[in-house]
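Structure, as structure tokens:
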Amino acid sequence: KAGVTQTPRYLIKTRGQQVTLSCSPISGHRSVSWYQQTPGQGLQFLFEYFSETQRNKGNFPGRFSGRQFSNSRSEMNVSTLELGDSALYLCASSLSGRGGGETQYFGPGTRLLVL
Amino acid sequence: GQSLEQPSEVTAVEGAIVQINCTYQTSGFYGLSWYQQHDGGAPTFLSYNALDGLEETGRFSSFLSRSDSYGYLLLQELQMKDSASYFCALSGYNQGGKLIFGQGTELSVKP
């Protein structure tokens, strides 16, 4: 089975622009979660989608949004980029998103640099 | 809220045993997971504890004590390739796939 894929892998944007990142989960997985990773804040939960519905949301401003399609692929969008948005954005998929011991499989991430 | 604390760095020699601790504050949770991440790559799942006690998976073991709000990851027969960052993470009640991560511990394995 193919793993979680994320595109693009690297991205450079300037302040004020917007960006869309894509995540394709493992085939059959219905839950997709997004995380932001920075040296200062570590891995922080952004949101989770299950069956095209946002199920959980972290403490990020409304500039961060996402969606999930019927094939479970997910996108996240960041509008009006700020320098502090520079980070590694990781998505993770799991079969049902029931939590507990269900393994989350992470993609390689998209490294975003905002200039 | 929920928070987890881990040491920022640990150093050990090849062949040795190392323990990475994780203390947490939470009002309730399903369990504690451990993930490994090499150099900003994809975190990979290592181990999970739902109940108190030790879970063993090859060279890696994980322990949980809910009464002490404490867990640890034990790595045995350390190899150079174990040099990586290790994260503990809580999965909460009715939180779906959401994980709350600790800040991570960078393990350096020396020859």
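A, B, ... follow the sequence lines: proteins, then strands. Residue 1 opens every chain.
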request  = Report the C-alpha separation of B:Tyr86 and B:Leu107 in whole Å, then their side-chain angles, then the decisive distance to 0.1 Å, and conclude whether the side chain to side chain contact (heavy atoms under 4.5 Å, CB included) test is met.
outcome  = CA-CA 7 Å; B:Tyr86 293 84; B:Leu107 171 65; 3.7 Å; yes
query = With a 4.5 angstrom heavy-atom cut-off, which part of B:Phe87 approaches chain A: side chain, backbone, both or neither?
reply =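 B:Phe87 touches chain A through side-chain heavy atoms alone.
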query = Quick one: do B:Tyr48 and B:Phe63 end up in the same hydrophobic cluster if we chain Ile, Leu, Val, Met, Phe, Trp and Tyr together by side-chain heavy atoms under 4.5 Å apart?
reply =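 Different clusters.
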query = If two hydrophobic side chains count as joined below 4.5 Å and joins carry through other members, does A:Val19 share a cluster with A:Leu90?
reply =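 No.
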Counting only heavy atoms closer than 4.5 Å, note whether [X] contacts chain B via side chain, backbone, both or neither.
X	value
A:Gln37	side chain
A:Ser33	side chain
A:Leu43	both

query = Considering residues at least two apart in sequence or located in another chain, which fulfil the salt bridge (Lys or Arg N to Asp or Glu O under 4.0 Å) criterion with A:Arg9?
reply =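 Salt bridge (Lys or Arg N to Asp or Glu O under 4.0 Å) list for A:Arg9, sorted by chain: empty.
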request  = Go through the structure and list residues passing salt bridge (Lys or Arg N to Asp or Glu O under 4.0 Å) with A:Glu75, not counting sequence neighbours.
outcome  =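 Per chain and number, A:Glu75 pairs via salt bridge (Lys or Arg N to Asp or Glu O under 4.0 Å) with A:Arg67, A:Arg73.
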query = Does A:Thr38 use its side chain to pair, donor to acceptor, with the backbone of A:Gln41 at less than 3.5 Å?
reply =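 Present.
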request  = Determine yes or no for a side-chain-to-main-chain donor-acceptor pair under 3.5 angstrom, with B:Asp82 supplying the side chain and B:Gln79 the backbone.
outcome  =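 A pair under 3.5 Å: yes.
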request  = Give a yes or no on whether A:Gln17 atom CD has more than 12 heavy-atom contacts from other residues, nucleotides or ligands under 6.0 Å away.
outcome  =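 Check passes, neighbour count above 12.
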query = Should the heavy atoms of other residues, nucleotides or ligands under 6.0 Å from CG of A:Asn59 be counted, would the total exceed 12?
reply =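 Atom CG in A:Asn59 is not packed in, count stays at 12 or less.
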Heavy-atom contacts under 4.5 Å, residues 76-86 of chain A to chain B =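 Within residues 76-86 of chain A, no residue comes under 4.5 Å of chain B, counting heavy atoms only.
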inquiry  = Report, in residue-number order, which members of residues 102-115 of chain A are under 4.5 Å from chain B by heavy-atom distance.
reply    =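 At a heavy-atom separation under 4.5 Å, chain B is reached by A:Thr103, A:Gln104, A:Phe106, A:Gly107, A:Pro108, A:Arg111.
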query = Charged N to carboxylate O below 4.0 Å: is that the case for A:Arg55 and A:Glu48?
reply =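 Judged by the 4.0 Å cut-off on N to carboxylate O distance, A:Arg55 and A:Glu48 do form a salt bridge.
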message = With chain A as the partner, which of B:Phe45, B:Phe101, B:Tyr30 has the greatest number of non-hydrogen pairs under 4.5 Å?
response =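 Option with the greatest count: B:Phe101.
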request  = I would like to know whether A:Gln44 and A:Phe60 meet side chain to side chain contact (heavy atoms under 4.5 Å, CB included); could you show each step before the answer?
outcome  = CA-CA 9 Å; A:Gln44 291 190 291; A:Phe60 279 82; 3.9 Å; yes
Test item: B:Leu74 and B:Ile17 side chains (from C-beta on) under 4.5 Å apart, heavy atoms =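 Of all side-chain heavy-atom pairs linking B:Ile17 with B:Leu74, at least one is under 4.5 Å.
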